[in-house]
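Please read the structure below before turning to the comments.
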Protein chains: 2
Amino acid sequence: YSCVSTTSHPRPSVEKCGQMRFITAEAKASAGRLEGKLREKTLTLDTLNPQVKAVEYAVRGPIVIKAGEIERYLEEGGTKPFSEVIKANIGDAHAMGQQPITFLRQVVALCTFPELMDSPSFPEDAKWRARRILQGCGGHSLGSYSASPGVECIRKDIAAYIEQRDEGVPSDWENIYLTTGASDGIMTILRLLVSGKDSSRTGVMIPIPQYPLYSAAISEMDAVQVNYYLDEDNCWALDINELYRAYQAAKLHCQPRVICIINPGNPTGQVQSKKCIEEVLHFAYEENLFVMSDEVYQDNVYTPDCQFHSFKKVLYEMGPEYFNSVELASFHSTSKGYTGECGFRGGYMEVINMDPEVKAQMVKLLSVRLCPPLAGQAAMDVIVNPPQPDEHSYKQFRQEKSSVLGALADKAKLTEQILNAVPGIKCNPVQGAMYAFPRIFIPPKAVEEAKASMQPDMFYCLRLLEETGICVVPGSGFGQKDGTYHFRMTILPSIEKLKVLLGKVRDFHIRFLKEYSALE
Amino acid sequence: YSCVSTTSHPRPSVEKCGQMRFITAEAKASAGRLEGKLREKTLTLDTLNPQVKAVEYAVRGPIVIKAGEIERYLEEGGTKPFSEVIKANIGDAHAMGQQPITFLRQVVALCTFPELMDSPSFPEDAKWRARRILQGCGGHSLGSYSASPGVECIRKDIAAYIEQRDEGVPSDWENIYLTTGASDGIMTILRLLVSGKDSSRTGVMIPIPQYPLYSAAISEMDAVQVNYYLDEDNCWALDINELYRAYQAAKLHCQPRVICIINPGNPTGQVQSKKCIEEVLHFAYEENLFVMSDEVYQDNVYTPDCQFHSFKKVLYEMGPEYFNSVELASFHSTSKGYTGECGFRGGYMEVINMDPEVKAQMVKLLSVRLCPPLAGQAAMDVIVNPPQPDEHSYKQFRQEKSSVLGALADKAKLTEQILNAVPGIKCNPVQGAMYAFPRIFIPPKAVEEAKASMQPDMFYCLRLLEETGICVVPGSGFGQKDGTYHFRMTILPSIEKLKVLLGKVRDFHIRFLKEYSALE
């Protein structure tokens, strides 16, 4: 039996069109008619999955597309009142010039190219970690699939890290699942909770303002977004009464099944108090809600009087009847913290109190995607298993880590101070994460002018981009109280660049207020 | 304002349970009662998204879980009639001992740890590729996010590769999207096509036998699986009449919108003829179907009289009225071919004739997941941009590549020959990909015994595993004509190990036939 056919079987239409090599719209139409019907696309905006249409993701939305166009325009020699576009729209640390942690890259390079094990220029403490990771990989290669939940020894390192972070609260490595960035884990848990046919009955409680992955996932799965508003006047604190209000209101039209918390907050930068976390967990316990705690910024806390408390540790301290019953998934990532390794797409989730049968179903679902990228898993392992004081790489590691976190703390303070000195801008302290989410006063005239075509804060951010080259994301992309306007900017640019950026924002804002005569 | 609370607000339940550190089921129940209700899980098998429940993925299904248990049992000193489990269930080349392509790993290591650019032990041709990739990355770092469709220069390299592969058929780099393995791309396209609310009206045509990613995706999205059966008696060829039959039958209860083809075939290993591809494309043109061509095994063709023809090239040769209208997405991956880099989760798709508005929606959807892993993108770049004859690394690269592909060709032949020598086993030639999918005769008595509890071929494969340690996947996991039974095994083990494996299969099968007295 041979599967080669030398003669392609004749078909009039094929012969006919074989002659017309360069086709015009007319020719296409006529070709269609020759085929006896006008061709139309199978997949159009009308036939596209409407849930995809409903998805919005401002962090890479229209304003960022516009910024890209301007960048190309400048590259091609075009002129603007500025020489470069500064992208403060996304938490992409390395793109903003942050240097990678040497030790992390050494370990991943060793895993990628084990011949380097013989190189004297790589330290032993990096080599043994790489050897250990590779021993956990099929064929000792980063090129093999791992088990769908991740490489076993990395899951164990993560569990050990969590126990240490939470001062002894037990962590079972079999509750740890490596993910392709935190987003992947968040999507997975939501997919379990949002029930296909009944999706439009399933309520997902999210903070407002929120990180738009949540609203995007809710749209894609056609679930019901249940908003609870953070208290801007109280440093974006989570008010438990607001949680109850949102829950009661939602119960009238859907079944809230899960509450999502982002701590430290994105885009809002607050760090949640222990008391507040207890209240949320008690609420989830009372109302039987699944808790998703997005803790990817757990290493990004800057204000001395703030401290990161993991939801899991607080749950433990509330006692066994809580710790043994509340279903909780917590998410972490290689993309933030002091490493900022976004491109590795590494992350993990710890899931406690999940029904074992459900867990088996989740593993089955994960197995369809085979496994998270191995380099990202290796990077995650370094984060939870960094150099120890008695190891050769410790000094450099500690120095690199503290310089990144120190600079972020300085930039957080600087951003808050400069923005609050601008009339018509109010910025809560950036206690954690890597964003400022200042409230901006937009004069009624500007609101009027904008409303016709777009959200007022989109109008504001587009003007800011056009006039200064600064790319930030309108508050409407994250959600905000009606009639209030904000933008999210990262604090990632270098201190020098950040000062320039903030100065430009100040000048623009004052011009803007003058233009719409809100200032004399 | 401080976000630290020293006093956690008092709540009786918290104080109470603060004392009972070790909790029993009874205590939990009583605690529940104290709370005035019995606690039950938020997420149980009953409340789980039913579409998740419906998902099946045999390649990592029950038989593989069982294999893992046996492995652990052996590690812990348990005894079996065999000393090791041989996993022939999944196309995981490196796990089976295949060595990585040196050049690919050099480039990725250089991208990961650019200090290596100064190392004389890395060749220049690897260094300039790494430099070029890093110049395409934000902050010249693999740790930054790429644009959601992937790094621009890598997309351009892929387009150039496709043009060369297809002997000049034009490829537009803006139609190229990097993905997290091919699976991710396939899921993305299906998500666009399967319309949320109407999902249960959208028909997706897939071959039977199929790679279970397709059936899993269809279940998860609640679409309608439309089976067209490959012709086992004709070397698993695709029969156009069967395509029309399946389509007409499906139209009675759903709207078929997309046809999926896997070429070379997984699990069936056939390589499609040009004539057959033309027929499929004409059919798609006539019926206005979106075409998804899974071409991840395009470099895995072994039979001299077979040749890989890309759907895109064939479409082009059918003339402009086809080439300018049929909507086609083609998928490739770093995981197969001669590199077998599964762990990097690299891949791409080329999408032609997609409505520009739909494309914009797709990019928006991709942007929610931010980007595919950068190391996987870099690996993909090496595959499409390998060392050229005038480059230092060419000789070693060519030697490594041909030794991998040569060994696979030998193992394909060997597998077919040995299996066909066994009474009650018939195996089509393994023309391509990396699997054999032999048909096995299961005696009526065995079918009877199995039917009570499981599929007969599952029963067969479990017995094979228990008695020989060989892990293969039952045909029922891929789909097969009723009353026929198969299993899928990879041809990836080393030639020595493969001979042992096939010998054990032969002996087992003969024992099995004897036991159920189908042999005298």
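Below, chains carry the letters A, B, ... as their sequence lines are ordered, and counting in each starts from 1.
Here CD of Glu56(B) is found 11.0 Å from OG of Ser367(A). Values are rounded to the nearest 0.5 Å. The CG atom of Leu370(A) sits 11.5 Å away from the CG atom of Asp184(B) when rounded to the nearest 0.5 Å. With rounding to the nearest 0.5 angstrom, the CD atom of Glu341(B) is 9.0 Å from the OG atom of Ser144(A).
Of the listed residues (Val314(A), Leu116(A), Leu142(A)), the greatest number of heavy-atom pairs within a distance under 4.5 Å of chain B belongs to Leu142(A). Contact count versus chain B (heavy atoms, under 4.5 Å) is highest, among Ser146(A), Ala217(A), Ala360(A), Gly181(A), for Ser146(A). Highest contact tally toward chain A, considering only Leu193(B), Leu110(B), Val363(B), Leu48(B), is held by Leu48(B) [criterion: heavy-atom pairs under 4.5 Å]. Of all the listed residues (Pro100(B), Ser148(B), Ser183(B), Gly68(B)), the one sharing the greatest number of non-hydrogen pairs under 4.5 Å with chain A is Ser148(B). In terms of heavy-atom pairs under 4.5 angstrom with chain A, the leader among Glu327(B), Gln361(B), Gln377(B) is Glu327(B). With chain A as partner, the option from Ser119(B), Gly376(B), Gly343(B) having the largest number of non-hydrogen pairs under 4.5 angstrom is Gly343(B).
Of the atoms belonging to Met187(B), it is side-chain heavy atoms, and not backbone ones, that fall under 4.5 Å from chain A. Residue contact with chain A, scored on non-hydrogen atoms closer than 4.5 Å, is absent for Thr334(B). With a threshold of 4.5 angstrom between heavy atoms, Thr339(A) does not approach chain B through any atom at all. For Pro212(B), no part lies near chain A; criterion is any non-hydrogen pair under 4.5 Å. For Leu43(B), the parts lying under 4.5 angstrom from a heavy atom of chain A are both the backbone and the side chain. Only the backbone of Ala147(B) comes within less than 4.5 Å of a heavy atom in chain A; its side chain stays farther off. No part of Cys137(B) comes within reach of chain A, as not one of its non-hydrogen atoms sits under 4.5 angstrom from that chain. For Ser121(B), no part lies under 4.5 angstrom from a heavy atom of chain A.
Residue Thr112(A) comes nearest to Ala109(B) through the heavy atom pair CG2-N, 3.9 Å, listed as atom of the first residue, atom of the second, then distance. In this structure, Val358(A) and Leu45(B) approach most closely via the heavy-atom pair CG2-N, 3.8 Å. Closest heavy-atom contact between Gly143(A) and Asp92(B): O-OD1, 4.4 Å.
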Test side chain to side chain contact (heavy atoms under 4.5 Å, CB included) applied to Ile90(B) and Tyr145(A), step by step: CA-CA 9 Å; Ile90(B) 186 167; Tyr145(A) 293 118; 3.8 Å; yes
In sequence, state the C-alpha distance, the side-chain angles, and the governing distance for Asn49(B) and Val194(A), and then conclude on side chain to side chain contact (heavy atoms under 4.5 Å, CB included). CA-CA 6 Å; Asn49(B) 178 353; Val194(A) 177; 5.6 Å; no
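Proximity of a side-chain donor or acceptor of Lys364(B) to a complementary backbone N or O of Lys53(A) within less than 3.5 Å is detected. Using modelled atom types, one side-chain atom of Asn288(B) and one backbone atom of Glu40(A) make a donor-acceptor pair closer than 3.5 Å. Using a distance-only test at 3.5 Å, with no hydrogens or angles considered, no donor-acceptor pair links the side chain of Glu357(B) to the main chain of Thr44(A). The backbone N or O of Val326(B) lies less than 3.5 Å from no partner atom in the side chain of Lys41(A), so there is not a single donor-acceptor pair.
With contacts defined as side-chain heavy-atom distances shorter than 4.5 Å, the pair Thr47(B)/Phe290(A) does not qualify. Side-chain atoms of Ser141(A) and Arg105(B), non-hydrogen and from C-beta on, do get closer than 4.5 Å to each other. No side-chain heavy atom of Leu366(A) sits under 4.5 Å from any side-chain heavy atom of Tyr57(B). Side-chain contact between Arg345(A) and Cys371(B) is present, with at least one heavy-atom pair separated by less than 4.5 Å. In this structure, the side chains of Leu289(A) and Thr42(B) stay at 4.5 Å or more apart for every pair of heavy atoms.
For Phe113(A) and Phe113(B), the ring centers sit 6.0 Å or farther from each other.
In summary, Glu220(B) and Arg191(A) engage in a salt bridge, as defined by a charged side-chain N under 4.0 Å from a carboxylate O.
Judged purely by distance below 3.5 Å, without hydrogens or angles, the side chains of Thr180(A) and Arg369(B) never pair a donor atom with an acceptor atom.
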